[in-house]
Engineer: 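Would you mind keeping the following structure in view while I ask a few things?
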Amino acid sequence: MTSAPAPGLPRRAKWLIYLVITGLVAVLIWTQLPRGPYSTDLSRIGQGRPALVLAYDIKSMGGMEVMAMMDSLRPAYEDRIHFLVAPLGAPQGFAFGERHNAVNGTVVLFSAAGAALRSVHQPASTADLQRALDSLLQAPPKN
């Protein structure tokens, strides 16, 4: 007595499963992408809104860790604070680093009028960066 092989899933069902899995993977990848790149337009400093500027060097990890902290705080603050990046490998970013004594991972906080109020080199945690942002928003305006 021989038994007949069990029939497999119909071809349409297999394609449907592949399509659903591909769709779920695409949605997962899409949700993990950053919300948008950070502007490198440093002329936005002093344009009526406080600014946080990260001195960033793509060759080093310190700035990337701070950028991850910025990513988590950005949604709560982006309507009140400009989030900017000064790429230290570009002439404008290099000049920014020289002027503000900023190295990779340094965050410089500016008033709405463009005055540099505070620098924090590689904040230890997201909470530290959040405290700096909160103090920036509470600081009296400086020219």
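Basis for what follows: all heavy atoms, side chains included, without hydrogens, waters or symmetry-related copies.
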Engineer: Do L73 and V107 belong to the same hydrophobic cluster, where Ile, Leu, Val, Met, Phe, Trp and Tyr are linked whenever their side-chain heavy atoms lie under 4.5 Å apart, directly or via other members?
Structural biologist: yes

Engineer: A side-chain contact here means heavy atoms from C-beta on lying under 4.5 Å apart; do V53 and Y38 qualify?
Structural biologist: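 V53 does not reach Y38 side chain to side chain.
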
Engineer: Under 4.5 Å between any side-chain heavy atoms of Q92 and T40, yes or no?
Structural biologist: no

Engineer: Check the hydrophobic clustering (I, L, V, M, F, W, Y; side-chain heavy atoms under 4.5 Å; chains of links allowed) and say if L84 and L54 are grouped together.
Structural biologist: no

Engineer: Which atom pair, heavy atoms only, marks the closest approach of F96 to A102?
Structural biologist: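 That closest heavy-atom pairing would be CE2-CB, 4.3 Å.
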
Engineer: Side-chain heavy atoms nearer than 4.5 Å, only ILVMFWY residues, links allowed to pass through others: does that put V66 and M61 together?
Structural biologist: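 The answer is yes; both residues are in one hydrophobic cluster.
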
Engineer: M70 versus L52: any side-chain heavy-atom pair under 4.5 Å?
Structural biologist: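 Yes, at least one pair of side-chain atoms sits under 4.5 Å.
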
Engineer: Side chains of R12 and W15: closer than 4.5 Å at any heavy-atom pair?
Structural biologist: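 With C-beta onward as the side chain, the pair stays apart.
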
Engineer: Evaluate the side-chain proximity of L109 to L133: yes if any heavy-atom separation is below 4.5 Å, no if none is.
Structural biologist: yes

Engineer: Do L42 and I58 land in one hydrophobic cluster if side-chain heavy atoms of ILVMFWY residues count as linked below 4.5 Å?
Structural biologist: no

Engineer: Between V108 and S119, which heavy-atom pair has the shortest distance, and what is it?
Structural biologist: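 Smallest heavy-atom distance, with atoms named: CG2-OG, 3.7 Å.
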
Engineer: When rounded to the nearest 0.5 angstrom, what is the spacing between CG in L19 and NZ in K14?
Structural biologist: 16.0 Å

Engineer: Give a yes or no on whether the backbone of D57 and the side-chain of N104 come within a donor-acceptor separation of less than 3.5 Å.
Structural biologist: yes

Engineer: For R44 and S39: C-alpha separation, side-chain torsions, deciding distance, then whether side chain to side chain contact (heavy atoms under 4.5 Å, CB included) applies.
Structural biologist: CA-CA 9 Å; R44 295 172 72 185; S39 175; 3.3 Å; yes

Engineer: For the residue pair P50 and L137, what are the closest heavy atoms and their distance?
Structural biologist: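 The answer is CG-CD2, 4.3 Å.
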
Engineer: Hey, mind stepping through V120 and L129 against side chain to side chain contact (heavy atoms under 4.5 Å, CB included) and telling me if it holds?
Structural biologist: CA-CA 8 Å; V120 181; L129 185 57; 6.0 Å; no

Engineer: Which heavy-atom pair separates G97 from L88 by the least distance, and what is that distance?
Structural biologist: CA-CD2, 4.2 Å

Engineer: Within the structure provided, determine whether Q122 and T106 are in side-chain contact (heavy-atom separation under 4.5 Å).
Structural biologist: no

Engineer: Does atom CG of N101 have more than 12 heavy-atom neighbours from other groups under 6.0 Å away?
Structural biologist: no

Engineer: Could you tell me whether the side chain of M69 reaches within less than 4.5 Å of the side chain of S125, counting heavy atoms only?
Structural biologist: no

Engineer: Please determine whether ring pair (Phe, Tyr, Trp, His ring centres under 6.0 Å) holds for the pair F110 and H100, giving the CA-CA distance in whole Å, both sets of side-chain angles, and the decisive distance to 0.1 Å.
Structural biologist: CA-CA 11 Å; F110 291 89; H100 297 286; 5.2 Å; yes

Engineer: Provide the closest heavy-atom pair for G105 versus P123 in the form atom of the first, atom of the second, distance.
Structural biologist: O-CD, 4.0 Å

Engineer: Ignoring hydrogens and angles, state whether a donor on the side chain of S43 or D41 is under 3.5 Å from an acceptor on the partner side chain.
Structural biologist: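 S43 vs D41: donor-acceptor pair found between side chains.
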
Engineer: Do L117 and L136 have side chains that get closer than 4.5 Å, going by heavy atoms?
Structural biologist: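 Heavy-atom side-chain distance check passes, below 4.5 Å.
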
Engineer: Is it the case that atom OH in Y77 sees more than 12 heavy atoms from other parts of the structure closer than 6.0 Å?
Structural biologist: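 Yes - once you tally the heavy atoms of other residues, nucleotides and ligands closer than 6.0 Å, there are more than 12.
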
Engineer: For R49 and I45, indicate whether the former's side chain and the latter's backbone hold a donor-acceptor pair under 3.5 Å.
Structural biologist: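 Here the side-chain-to-backbone pair does not exist.
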
Engineer: Please tell me whether V103 and M64 are part of a single hydrophobic cluster in this structure, the criterion being side-chain heavy atoms less than 4.5 Å apart.
Structural biologist: no

